[in-house]
2 protein chains.
Amino acid sequence: MELTNTTLSDFRAVMALIDAGTFRGAAERLGLSPSALSRQITGLETRLGVRLFDRDTRNVHTTASGEAFGRVARRMLYTVEDGMAEFEAYVSSRQGRLTIAGLPSVTAGLLPRLIGAFSVEHPGIDLRILDALSGSVLEAVESGIADLGFAAGTVSTRSRMHFEPLFDDEFVAIGHPDGPLAENRGYAWAEILEMPIIAMAEGTSVRELIDGACLRHGTSLSPRFEVAHLATAGALVSAALGVTALPTMTLPVLNMASLIQRPITDFGAKRRIGLVRRTGRTLSPPAAAFTELVKRSRLVR
Amino acid sequence: MELTNTTLSDFRAVMALIDAGTFRGAAERLGLSPSALSRQITGLETRLGVRLFDRDTRNVHTTASGEAFGRVARRMLYTVEDGMAEFEAYVSSRQGRLTIAGLPSVTAGLLPRLIGAFSVEHPGIDLRILDALSGSVLEAVESGIADLGFAAGTVSTRSRMHFEPLFDDEFVAIGHPDGPLAENRGYAWAEILEMPIIAMAEGTSVRELIDGACLRHGTSLSPRFEVAHLATAGALVSAALGVTALPTMTLPVLNMASLIQRPITDFGAKRRIGLVRRTGRTLSPPAAAFTELVKRSRLVR
DNA sequence: AACAAAAGTGCACTTCACGCAACAACGACT
DNA sequence: AGTCGTTGTTGCGTGAAGTGCACTTTTGTT
């Protein structure tokens with residue numbers, strides 16, 4: 001009994017013949033000639049070593065073995081149908097899973113709107129958000145844990161991954177209403193450096209950007225506090241312990257009620273936010289759909 | 001997306017490539033050349049409109065879509081494997097169902113030994129016994145309710161079905177020890193007709209045979225009692241109400257403790273017991289196996 | 001920098017499947 | 001009972017699909 005050579009068309013042929021009851025009808029349903037179907041059934045019976053249909057030139061009767069095979073065939077075709085439908089649903093992003101890594105500022109400030117829109121368009125997709133520091137975002141995407149990542153477009157980012165810039169996130173100075181930024185005007189970066197600075201911890205993209213700006217200005221940063229979380233920085237500023245410089249994107253995370261923001265006139269450094277993905281790797285359909293959505297939503301300001 | 005043309009070899013190819021990680025290894029496992037596999041994967045990807053593997057000349061990486069397809073493919077191949085194993089088990093009579101119709105005398109006297117042996121050889125097969133009158137046996141087999149039937153080989157039987165004779169069941173006279181058959185010798189049929197006869201109801205094969213014998217002897221039967229069931233006949237004889245003539249095969253059904261049996265010297269009619277099955281219909285594998293067992297058990301006496 | 005290994009491609013060949021036409025057998029209708 | 005129509009099967013030719021071999025290209029390694 002040669003089972004391995006059995007193909008899906010064999011199953012389809014048997015099913016059609018069982019349902020139609022005649023070779024002619026079954027062949028028509030399958031879209032081929034009666035002779036072709038006859039050969040196929042004969043060949044299958046030969047390979048199986050079992051007669052599936054008792055037939056003469058006038059009648060066709062399914063044997064017990066034929067019915068047994070038909071049950072198997074029906075299950076098989078259902079499985080194929082279901083499987084392909086499932087795959088098609090996956091490809092067309094109707095179901096699946098999408099993991100997005102992002103800097104905390106992005107996940108908090110930008111992602112809510114995006115994933116809101118996405119989950120409306122693709123309700124069947126399980127969304128996972130990974131908020132991590134800059135390095136972890138790249139790591140997550142590179143290792144495949146995350147499909148996409150939102151990160152700042154630093155040099156290291158662009159070399160390891162494909163980076164698609166979305167918009168520039170400008171730095172503003174944040175201070176207490178009664179603090180050194182009380183005057184409602186733009187401040188120069190040199191001015192700010194004179195104030196007590198609350199800086200983000202090293203390893204964050206914000207800190208990386210600020211360090212780079214200092215380098216270009218030929219100055220150096222001497223922070224009064226270093227904090228790991230944006231909210232902490234906000235709290236410290238609210239307590240009038242100092243000022244800080246943050247990208248505007250991060251502001252929604254903070255409670256701005258008791259804070260004021262001022263432009264930095266000559267800071268120059270912008271945080272270029274973009275979408276990272278592995279180079280040379282095809283995006284999963286949900287990831288591609290999400291990328292499409294992001295582009296469509298015109299974040300560029 | 002062309003889903004319908006997807007074939008089992010596509011699933012096998014994807015599975016092999018996922019598992020092996022290289023075209024070369026996968027091709028070897030599939031028993032074909034790397035180029036053929038390359039074309040197959042490319043063709044599948046084209047039909048699906050989705051890239052399943054990211055590959056350069058050196059590395060092969062499964063995409064998210066490829067893994068999704070792989071999950072579907074694995075399920076598919078398991079289903080095929082299971083299904084074919086199930087069918088193979090059915091064909092080789094390791095599982096399935098077998099319905100045997102038989103005359104009450106046969107089912108009671110002969111079948112127990114046979115189905116005992118059969119269920120030892122084929123423990124996975126569900127056995128159903130249909131004990132019915134002669135006509136019902138044929139009906140059950142003809143309609144497909146029963147796969148096989150044990151019946152007496154009358155003319156009508158042979159014309160409608162394929163009849164395979166197994167053995168001849170001879171008639172003996174049954175009486176009460178104190179009745180007219182008290183003498184331990186053979187009795188002529190004419191003698192017995194003089195005694196009070198307990199006959200089986202019309203429609204039973206026993207009655208059919210006896211009527212035939214009377215016809216040949218130029219006599220006629222005038223039964224004192226007519227009963228539908230063998231056990232009833234036996235009970236009547238036990239009560240010394242008369243004598244009866246029955247095939248030896250039926251005797252195990254009766255309680256012979258208070259009965260005696262005597263040869264009928266010139267009765268001449270034997271009941272030819274045989275296996276009936278539909279003409280022109282292939283037997284189900286369990287039925288074929290059972291037939292084989294019956295032939296092997298050499299019932300011919 | 002050169003080599004080796006692996007995937008992709010052009011080309012020729014085989015094999016498989018298909019349709020058409022002829023054939024055989026069975027059933028129905030007169 | 002004879003005839004005709006229908007239905008499954010088979011012989012044959014054709015076309016497409018698949019396969020292997022040889023070669024190219026690219027990439028990782030020594």
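Lettering of chains follows the sequences in order, A, B, ..., and the numbering in each one begins at 1.
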Check: Over how many whole Å does the gap from A/E45 atom CD to D/dG8 atom P extend?
Finding: 13 Å
Notebook entry, point to check: Is the shortest side-chain N/O distance from A/S38 to OP1 or OP2 of D/dT9 below 4.0 Å?
Noted result: yes
Next item on the list: Find the distance A/F53:CZ to D/dT7:P and express it as a whole number of Å.
Entry: 17 Å
Next item on the list: Tell me which nucleotide among C/dC18, C/dA5, D/dT9 gets nearest to the side chain of B/R58.
Entry: C/dA5
Check: Quick one: A/D54 CG to C/dA25 C1', roughly how many Å, whole number?
Finding: 16 Å
Margin query: If you assign each of A/N59 and A/L37 to its closest nucleotide in DNA chain C, which residue comes earlier from the 5' end?
Written below: A/L37
Next item on the list: Return the orientation label for the B/F53 and B/F23 ring planes: parallel under 30°, perpendicular over 60°, tilted otherwise.
Entry: perpendicular
Check: The side chain of A/D56 lies closest to which of these nucleotides: C/dG19, D/dT27, C/dC26?
Finding: C/dC26
Note to self: Nearest whole Å is fine: how far is D/dT6 P from A/E28 CD?
What the structure shows: 14 Å
Note to self: What is the separation between atom NE2 on A/H61 and atom C1' on C/dC26, rounded to the nearest whole Å?
What the structure shows: 12 Å
Notebook entry, point to check: Among D/dG8, C/dA21, C/dC18, which is the nearest nucleotide to the side chain of A/S35?
Noted result: C/dA21
Next item on the list: Select from A/T22 and B/P34 the residue whose nearest nucleotide in DNA chain D is closer to the 5' end of that strand.
Entry: A/T22
Notebook entry, point to check: Side chain of A/T57: nearest nucleotide among C/dA24, D/dT25, D/dG28?
Noted result: C/dA24
Next item on the list: May I have the distance from A/I41 (atom CD1) to C/dA17 (atom P), rounded to whole angstrom?
Entry: 13 Å
Next item on the list: Examine the side chains of A/T282 and B/D54 and answer whether a donor and an acceptor come within less than 3.5 Å of each other.
Entry: yes
Item checked: Contact check, side chains of A/R97 and A/R128, non-hydrogen atoms, under 4.5 Å -> yes
Note to self: Check this one for me: any side-chain N or O of A/R55 less than 4.0 Å away from OP1 or OP2 of D/dG8?
What the structure shows: no
Item checked: Check: A/S65/A/T63 side-chain N/O donor and acceptor closer than 3.5 Å -> no
Margin query: Between A/E86 and B/R75, does any side-chain N to carboxylate O distance fall below 4.0 Å?
Written below: yes
Notebook entry, point to check: Between C/dG19, D/dG8, D/dT19, which one does the side chain of A/R39 approach most closely?
Noted result: C/dG19
Check: Given C/dG19, D/dG8, C/dG8, which nucleotide is nearest the side-chain atoms of A/F23?
Finding: D/dG8
Notebook entry, point to check: How close or far is atom P of D/dG8 from atom CG of A/L32, stated in whole angstroms?
Noted result: 13 Å
Item checked: Rounded distance in Å - CZ (B/R24) to C1' (D/dC21) -> 13 Å
